[in-house]
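In what follows, a structure is listed as structure tokens, so that the remarks can point back to it.
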Amino acid sequence: MTATLIGIARKARSRAPMEILDTVDVSLTHGIDGDCRGKLRKRQITIMTMEDWQAACAEIDRADLPWTTRRANILVQGIEIPQMPGTQIRIGNLIVEITGETDPCRRMEEAAAGLEKALRPDWRGGAGQLAEPFNPAPFELMIR
């Protein structure tokens with residue numbers, strides 16, 4: 001499955017503001033370069049689809065919320081995130097293995113009433129984990 005990249009973001013530390021990027025280096029050892037969660041083996045990277053974000057925002061009547069409110073690293077469109085651990089999706093040269101759902105937390109509720117609940121159905125909150133890329137050296141992920 002190949003996804004179209006729409007957005008890239010990272011946070012330097014827990015609770016830090018999200019930084020939107022046009023390009024970033026990605027590696028198996030550090031995930032998204034500069035993101036505080038990149039070294040975590042269980043959740044190096046979180047991917048969310050534009051379609052899921054829009055559905056969650058529509059459910060709470062908040063189309064004004066930026067996708068970075070979810071605090072995901074990568075926003076894609078044109079695919080459904082497979083709800084089966086072990087499945088892989090491709091974004092450019094990056095391959096991401098789905099290891100499980102990234103559960104929405106109470107921070108979502110702090111951002112907008114009802115958002116945490118709206119992100120729970122059908123893995124709307126995102127999923128992900130880095131897998132072996134075609135080129136195992138660090139490479140650049142870029143919005144085109």
Can I get a per-line list of side-chain donor-acceptor pairs under 3.5 Å for residues 48-56, giving both atom names and the distance, sequence neighbours left out?
| from | atom 1 | to | atom 2 | distance (Å) |
| --- | --- | --- | --- | --- |
| T49 | OG1 | D52 | N | 3.0 |
| T49 | OG1 | D52 | OD2 | 3.2 |
| E51 | OE2 | G78 | N | 3.1 |
| W53 | NE1 | L65 | O | 3.3 |

(message) I'd like to check the side chain to side chain donor-acceptor pair (under 3.5 Å) partners of E59; sequence neighbours left out, ordered by chain and number.
(response) R124
(request) Would you please name every residue forming a side chain to side chain donor-acceptor pair (under 3.5 Å) with D64, sequence neighbours left out? (result)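 With sequence neighbours excluded, D64 shows a side chain to side chain donor-acceptor pair (under 3.5 Å) to R62, given in chain and number order.
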(message) Ignoring hydrogens, what is the shortest heavy-atom contact between A9 and A72? Give both atom names and the distance.
(response)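 The pair with the smallest heavy-atom distance is CB-O, 3.9 Å.
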(message) Out of the candidates V24, L94, V26, only one should pair with I74 under the side-chain contact (heavy atoms from CB on, under 4.5 Å) rule; please name it.
(response)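 Passing option: L94.
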(message) Enumerate the side chain to side chain donor-acceptor pair (under 3.5 Å) contacts for residues 110-120, please, sequence neighbours excluded, ordered by first and then second residue.
(response) E116-R120
For the [atom1] atom of [X] and the [atom2] atom of [Y], what is their distance to the nearest 0.5 Å?
X: I8; Y: T68; atom1: CD1; atom2: OG1; value: 13.5 Å
X: R37; Y: N73; atom1: CZ; atom2: CG; value: 9.5 Å
X: K11; Y: I32; atom1: NZ; atom2: CD1; value: 10.0 Å

(request) Could you tell me which residues satisfy salt bridge (charged side-chain N to carboxylate O under 4.0 Å, His left out) with R10, sequence neighbours excluded, listed by chain and number? (result)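 With neighbours one apart ignored, the set is E19.
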(message) Go through it in stages, so that I can follow the logic: the residues are E101 and Q83, the test is side chain to side chain contact (heavy atoms under 4.5 Å, CB included), and I'd like the CA-CA distance, side-chain angles, deciding distance and then a yes or no.
(response) CA-CA 8 Å; E101 180 177 11; Q83 297 178 16; over 6 Å; no
(request) Indicate yes or no: at least one non-hydrogen side-chain atom of V76 is less than 4.5 angstrom from one of I6. (result) no
(message) I'd like to check the side-chain contact (heavy atoms from CB on, under 4.5 Å) partners of A127; sequence neighbours left out, ordered by chain and number.
(response) I81, I98, W123
